[in-house]
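Beneath this line is the structure, given in structure tokens, with notes to follow.
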Amino acid sequence: MTTPVETTDDARYDFRAIEARWLDVWREKQPFRSGNPDDARPTKYVLDMFPYPSGDLHMGHAEAYALGDVISRYWVLKGFNVLHPIGWDSFGLPAENAAIKRGVDPAGWTEDNIAQQRSSMERYACSFDWDRVLMTHRPEYYRWNQWIFTRLFERGLAYRKPSQVNWCPNDQTVLANEQVVNGLCERCDTPVTKKKLTQWYFKVTEYADELLDELETLRGSWPDKVIAMQRNWIGRSRGADVTFLIEGRDEPIAIYTTRPDTLYGATFMVVAADSDLAAELAQGADAETQERFNAYVDEVKAASEIDRLSTERPKTGVFLQRYGINPVNGEKLPIWASDYVLADYGHGAIMAVPAHDQRDLDFARAMDLPVRTVLDCRDEDGNPLPEPAESGEATTGNGTLINSGPLDGLDKAAAIAAVIEQLGAADQGKEAVNYRLRDWLISRQRYWGTPIPIVHCDDCGEVPVPDDQLPVKLPSTDGLDLKPKGQSPLAAASDWVNTTCPKCGKPALRDTDTMDTFVDSSWYFLRYLSVNKTDGPFDLDEAKKWAPIDQYVGGVTHAILHLLYSRFFTKALRDMGMIDFGEPFSALLNQGMVQMNGSAMSKSRGNLVRLSEQLDEYGVDSVRLTMSFAGPPEDDIDWADVSPAGSMKFLARAWRLARDVTSEPGVDPASGDRDLRAVTHRTLADANELVESFRFNVVVARVMELVNATRKAIDSGAGPADPAVREAAEVVAKLLSLFAPYAAEDMWSMLGHTDLVALSGLPEVDEALLVQDTVTAVVQVMGKVRDRLEVSPEIGEDELRELALASANVQRAIGDATVRKVIVRAPGLVNIVAN
RNA sequence: GCCCCCGUAGCCCAACUGGCAGAGGCAGCCGACUUAAAAUCGGCCGAGUACGGGUUCGAAUCCCGUCGGGGGCACCA
């Protein structure tokens, strides 16, 4: 293969030469530093979600950082001091797995990848402030994870409890509920099982109401979809706790229901098979029942999450030979154990109202239990719905209470109020709220994470490591077996584990678990404010100056976990008096994903588009421009549908404008070609609004129009010396600097400027140039266009009506018909109704 | 099963939120330049807005239904 001889014609757009030139200049000038205390510009905080350093940057990163950069560079261009930092979410399993597989040091592996990503980001022209870099695996960072953990512990927001946890048999570690997807481990797709362990939790539920209610303050600034997902995840429900006496048990048990109005329809009770309560009730039963119960529980535990989640799974359970007493009517209700009731929601026990709950009805039919209808439910036409016992369809809506003693005749809402009142008076129940949200399990039995700063002392219990002894650094991997084995690898580092109690000085043991890496990312946005601070996690004055984040940019994959945890941390830190706001991200933009031929790019499918190859072939600017131009930012991009080659052609075309301009910098554009000036200023005006509403693809299209108009002016209009041509070319360079920073700088310099276009500011829009001399008024007859009139934009309704009716074309269209009505929308439209 | 979003030229996408369906690009075609090609420049072609109803002077836009695509939740009592 031969390479054609490169002509040394420097009048051609050569992206390689341009990249080399400007990368050096930017390295030297560092134009996006935000930390100068004397900087008088107003501030903005624009944040891209930080990457995990699993290798070099890929197409997904390229899209995210291209879009984040448009926003950040826009505000810089508008004259703001923009804090646009980057860092690395550098704790986590891939480093550890690489260490296990290839025997490399996780720290070394991580730092190598970070160096590579950083270099790629610089090449990619990301407008980051390189003075503010953070990496979560560094002790200078995770020290403050430990510090915050300690503060949460002091406030009772970090606690340890034994419970059935999600267990990944492959990774040999626990998973948060959020990390279990369809019963599979989010990372390795292994079916998740349950295991009983004592683990650390953060008490997210303490903030459940606030996390839910304050979502409303984000409406309009966050995607509706994300708000809905968070709302769903928190899953607040309102109902009542009702206490049932249990035969042969001193303590009554409480159940939670959202339908206390159907209390008279309860025909049995169900307790979660894997709950302590079920075990205890079974113990009070005869030997045969106990045996059946134990067998059932074993069966339930053996079933994988996938089986459990199967919707069509028939109901199973065991009658415990025990009875509860319905508080409203004294009826004896048999108590069953089943896995369709969850141990960790509500009280792990329910009253079953089969007539009005589908799950209870399915169970009742499977076990041949009675069904009692207590609601008269009707369809839209007022006809009674079929009896649930016969139809198999529970009636779960509104209705009129029947068979319910004092509640008879009431509707659902009134009955709920009445029954809560009645229960309260008898001390048998009260209103209650429940959440789908569970506390956040943060313990991980892995090496590559933040050690939990707790010492276990026989005498003093759980003792936090004092602040002045932080960080608790990870021990060296030397001699440690990192392979997953159900216990943290740290447990084997005996020199490290064995310590003394900070309180009493006796021998004690360190906690050997490490924190979920979502802890790292729950507050990193605050650490950027003062990455080198050694006497606190972040500087409180800097937080006042910059936070909360004005614009957060990242993938929708983090719509629940990361955002929810960050919101929790922010509220907790606020309550510690460290910050004065409760929501970290004032606005959120979710970019889509990059696909290839309709499916996600993956190594296994072999349809991977390599970023480095795209950059080599088309250049950074073309790839970035393609990302912005492909469509709305939140839509997925199919790389097969877009054209980086087309982007390159356009950039060359734009670049040549600067080459062709012959006027000197600083000429007054006022004397220039008015038509071109009008296009320039219209583009400018639109660009502001379009960027701020994230319609980057439309901005690019507008710039293309401006380039076309300028080309035309140069070749067959005002000519290359016209001041309006310079003005247009300069605006092209400025606007293009958001999308194609290299080409834009090169244009700016060709246009005779010595400063950076990225910092050159945007000219004021000249409103006078936006007003048109005439506009086209469309005249419709019965909705069909019959004539077009050139009229003044200030034309009045009456005048326009007269003009329209006077038109010959219009009169012909009306013909013999009678004009019934004339709708005038000056200056653009007239519609004549005639028949 | 429940909830949410989306269907506009061959393709990616615009359309001032109810007012001329087309801004931009990709692909295609024609022409200019060239010995030829590439590059460049100029031009052309192209849907009546998934489908069916409704509201309105007027609907891609609002309402109802159907079909198709995408996403979220899924025994949470």
Side-chain angles (χ1 to χ4, degrees), chain A residues 4 7 12-13 182 223-233 235-237 239 255-259 262 270 272 308-313 315 338-342 344-353 356-360 362-363 396 434-438 556 559-560 592 598 625-626 629-632 634-647 649-650 652-653 656 686 689-690 695 697-708 711-712 715-716 776-788 820-825 828-835:
Chain A
T7 52
R12 288 180 84 85
Y13 172 72
N182 291 328
D224 287 346
K225 186 171 143 181
V226 174
I227 292 175
M229 284 163 78
Q230 294 241 333
R231 168 170 290 280
N232 231 325
W233 190 262
R236 180 165 62 195
S237 89
I255 61 99
Y256 173 73
T257 178
T258 54
R259 293 299 299 271
T262 63
V270 187
R308 265 184 65 86
L309 287 169
S310 163
T311 329
E312 295 305 310
R313 199 159 135 270
K315 293 278 186 285
S338 172
D339 65 353
Y340 88 91
V341 170
L342 306 178
D344 60 352
Y345 182 81
H347 304 284
I350 62 156
M351 67 169 188
V353 184
H356 308 296
D357 182 286
Q358 192 60 48
R359 297 153 301 186
D360 295 344
D362 293 343
F363 191 83
T396 57
N434 258 298
Y435 306 89
R436 213 192 80 104
L437 182 72
R438 308 295 203 276
V556 73
I560 298 172
L625 185 72
T626 303
F629 185 54
E634 55 279 4
D635 287 5
D636 291 344
I637 297 173
D638 196 317
W639 204 246
D641 288 339
V642 296
S643 173
S647 297
K649 263 167 70 177
F650 164 70
R653 196 169 144 76
R656 285 195 303 269
D686 288 352
E689 194 192 316
L690 289 167
R695 296 193 294 165
N697 54 325
V698 185
V699 182
V700 174
R702 286 287 140 74
V703 177
M704 287 173 171
E705 278 183 87
L706 179 56
V707 167
N708 290 344
R711 182 81 259 161
K712 200 166 240 169
D715 290 349
S716 54
T776 306
V778 172
V779 186
Q780 301 175 332
V781 178
M782 296 303 287
K784 284 196 169 155
V785 180
R786 296 299 184 187
D787 202 2
R788 286 157 217 271
R820 304 283 177 195
K821 198 171 177 185
V822 181
I823 291 106
V824 184
R825 291 286 177 273
L829 182 124
V830 178
N831 189 15
I832 295 160
V833 186
N835 54 22

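First the proteins, then the strands, lettered A, B, ... as listed; each starts at 1. Worth saying up front: this structure is predicted, and the values here are computed from it rather than measured.
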### Message
OP1 or OP2 of B/A77 versus the side-chain N and O atoms of A/Y345: is any pair under 4.0 Å?
### Response
yes
#### Entry: C1'-based separation of B/U55 from B/G43 [nearest Å]
44 Å
### Query
Can you give one letter per nucleotide of nucleotides 23-29 of chain B, 5' to 3': B if a protein heavy atom sits under 4.0 Å from the base, S if only from the sugar-phosphate, - if neither?
BBSS---
### Task
Round to a whole Å and report the spacing from OH of A/Y340 to C1' of B/C75.
9 Å
### Message
Side chain of A/I823, heavy atoms from C-beta onward: which of B/C57, B/C73, B/A14 has the nearest atom to it?
### Response
B/C57
### Message
Please report the distance separating the P of B/C51 from the corresponding atom of B/U8, rounded so that it comes out in whole Å.
### Response
10 Å
### A/R711 side chain near B/U40 phosphate (N/O to OP1/OP2, under 4.0 Å)
no
### Query
For atom C1', what is the distance between B/A21 and B/C16, given to the nearest Å?
14 Å
### Nucleotide nearest A/Y256 (side chain, heavy atoms from C-beta), chosen from B/C73, B/A77, B/C13
B/A77
### Query
Which whole number of Å gives the distance between the P atom of B/C64 and that of B/C5?
11 Å
### Message
So A/A630, base contact, sugar-phosphate only, or nothing? Heavy-atom distance under 4.0 Å.
### Response
sugar-phosphate
### Task
Please state the P separation for the pair B/G25 and B/C45 - nearest whole angstrom.
15 Å
### Query
Going by distance alone, is a donor N or O of one side chain under 3.5 Å from an acceptor N or O of the other, for A/S237 and A/Y256?
yes
### Query
If you look at every strand shown and take non-hydrogen atoms under 4.0 Å, does A/Q780 touch a base, only sugar-phosphate, or nothing?
base
### Phosphate OP1/OP2 of B/C57: any A/K821 side-chain N/O under 4.0 Å
yes
### Message
Checking base pairs now: Watson-Crick or wobble, both atom distances under 3.5 Å. What partners B/C2?
### Response
B/G72
### Message
Considering every strand and a 4.0 Å limit on heavy-atom distances, what is the contact class for A/V833: base, sugar-phosphate, or nothing?
### Response
sugar-phosphate
### Message
Suppose you measure atom P in B/G58 against the same atom in B/G54; what distance do you get, rounded to whole Å?
### Response
12 Å
Are any protein N/O atoms closer than 3.5 Å to N/O atoms in nucleotides 31-33 of chain B? If there are, list each pair with its distance.
none

### P gap between B/U61 and B/G53, integer Å
14 Å
### Query
Out of B/G19, B/A15, B/G72, which has the shortest distance to the side chain of A/R695?
B/A15
### Query
Rounding to the closest angstrom, what is the interatomic distance between B/U40 and B/C33 at atom C1'?
9 Å
### Query
Considering only B/G71, B/G19, B/A74, which nucleotide approaches the side chain of A/L829 most closely?
B/G19
### Query
Is any N or O donor-acceptor pair between the side chain of A/N831 and the base of B/C57 shorter than 3.5 Å?
yes
